[in-house]
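Heads up, the thing below is written out as structure tokens.
Letters A, B, ... mirror the listed sequences (proteins, then strands); counts begin at 1.
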Number of protein chains: 2
Amino acid sequence: MSDAEQTRQNILTVAADEIHQHGFKATSLSVILNRCEISKGALYYHFTSKIELGYAVFEEVYTPMFLNVWHTPLTVDDPIEGLCDFLTAMTEEMSCSEVVCGCPLNNLCEEMANVDEGFRLRILCMQEQLNQLIVDALERVSGDLRDNLAFSQVGYFIVATLNGATSLSKSSRNKLLFQQVIAELCLYIRALKK
Amino acid sequence: MSDAEQTRQNILTVAADEIHQHGFKATSLSVILNRCEISKGALYYHFTSKIELGYAVFEEVYTPMFLNVWHTPLTVDDPIEGLCDFLTAMTEEMSCSEVVCGCPLNNLCEEMANVDEGFRLRILCMQEQLNQLIVDALERVSGDLRDNLAFSQVGYFIVATLNGATSLSKSSRNKLLFQQVIAELCLYIRALKK
DNA sequence: ATAATAACCAACCGCTCGGTATGTTGCAAG
DNA sequence: CTTGCAACATACCGAGCGGTTGGTTATTAT
């Protein structure tokens, strides 16, 4: 990787972390510059504006991360158990910072979806991809599932509940409420089976 | 009501609307002053700081509003149906601004819970009160419900899913995803019955 | 009549923000 | 040897922010 590309990647990584911790608007470019030990000129050489940097973080850091994380548990033999194991593992492995900072995608959705169309469309696209992953997995084992299930609806329900659960962990500052909601979610997911 | 109290209430009402629309941090005091047609001195006579104004909005506007809204459907004869009717009516009556702006409590939780302890504790208290309302209602009709239900867990699950659903409506800018998640949530809630 | 207080107003302050304009350096092509 | 561009660095700008300061007015108590 060239020096320039290295610089760019470094900016993206640091910016992704800052946005995750403080949200997009509260993220200060000067903090990113300090952490990267570069000047403002360098940043504006690679990105035309703060919001374009935000878009790049979304597309080049968050999106691949999410698709990768969700792909694994949904492509195992039994995606119902895969999903439950995945969610349960999440409650256990969740770091303190993740309890406090929440999910990057959900955070950006809450903060930016209603003020910036660029973010909104990217978030929507990501949510649809995530939902499609779940729908595909459910359809693959539809023979084992209850009849009359609306797969897309189920998918969005799961994602919505997970987001709501991270929200609860933010205010309680511990995993307990999160774990309870996930436990109930797993009961719901397992009840999808015949 | 005295003139001073009238002024104070006016500030609270306008601030509640601004915070709902733009979040706490992005809410500008000068906008509130313009809308109220008062000076900055007037605002700082009634409130010692921006964050104290935020706390007052939470306690004197959002909290009573929430407790009132949730109390009705949970104290009818059949709280299961009351809840489902309440949620379904919400999807229908939801105004355009509510689709875009989301739930004030959830918004503040996402934005402020991890940066300000004062907000965090107030939000947590509110969520616990909300959960208690649900738990009380479920316990009241526990004879009609499945055995081995963890009422508190169920309560937080419902609240979490509702919050996640409003989040989805923000990015999609329509009610469809919200309605789907609520429909699935009602299926879950009705399945609590024996 | 006067003193005090409640309820405001107008002007200003320091600070941080995103963004820009200009200057510098190293390397590579001709 | 020098020209040119990529890849930065430095210094500065205007705007908006929350908050403070020093009045002003009207009402009330003495």
Checking [Y] against [X]: is there a side-chain donor and acceptor pair closer than 3.5 Å?
X      : Y      : result
A:S167 : B:N106 : yes
A:N10  : A:Q6   : no
B:N107 : B:Y62  : no

(Q) Would the distance check show the side chain of B:K40 and the main-chain N or O of B:L29 forming a donor-acceptor pair, the cut-off being under 3.5 Å? (A) no
(request) Could you tell me whether A:E60 and A:R8 have a side-chain N and a carboxylate O separated by less than 4.0 Å? (result)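 A:R8 and A:E60: salt-bridged.
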* To do: Apply side-chain contact (heavy atoms from CB on, under 4.5 Å) to the pair B:L83 and B:I158, showing each step before the final yes or no.
  => CA-CA 10 Å; B:L83 207 50; B:I158 293 171; 4.0 Å; yes
Contact span of DNA chain D against chain A, any nucleotide atom under 4.0 Å from a heavy atom, 5' to 3', runs D:dA6 to D:dT10
(message) Measure CD/B:E5 against C1'/C:dA6 and give the value in whole Å, please.
(response)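 From B:E5 CD to C:dA6 C1': 14 Å.
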Practice task
Step through the shown structure and confirm whether more than 12 heavy atoms of other residues, nucleotides or ligands are within 6.0 Å of CG on A:D3.
Solution key: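 No, not enclosed.
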Residues pairing under ring pair (Phe, Tyr, Trp, His ring centres under 6.0 Å) where one sits in residues 166-194 of chain A, two or more places apart or in two chains, turn out to be A:F157-A:Y188
Its contact letters, B for base, S for sugar-phosphate only and - for none at protein heavy atoms under 4.0 Å, make nucleotides 11-27 of chain C read ------SBBB-------
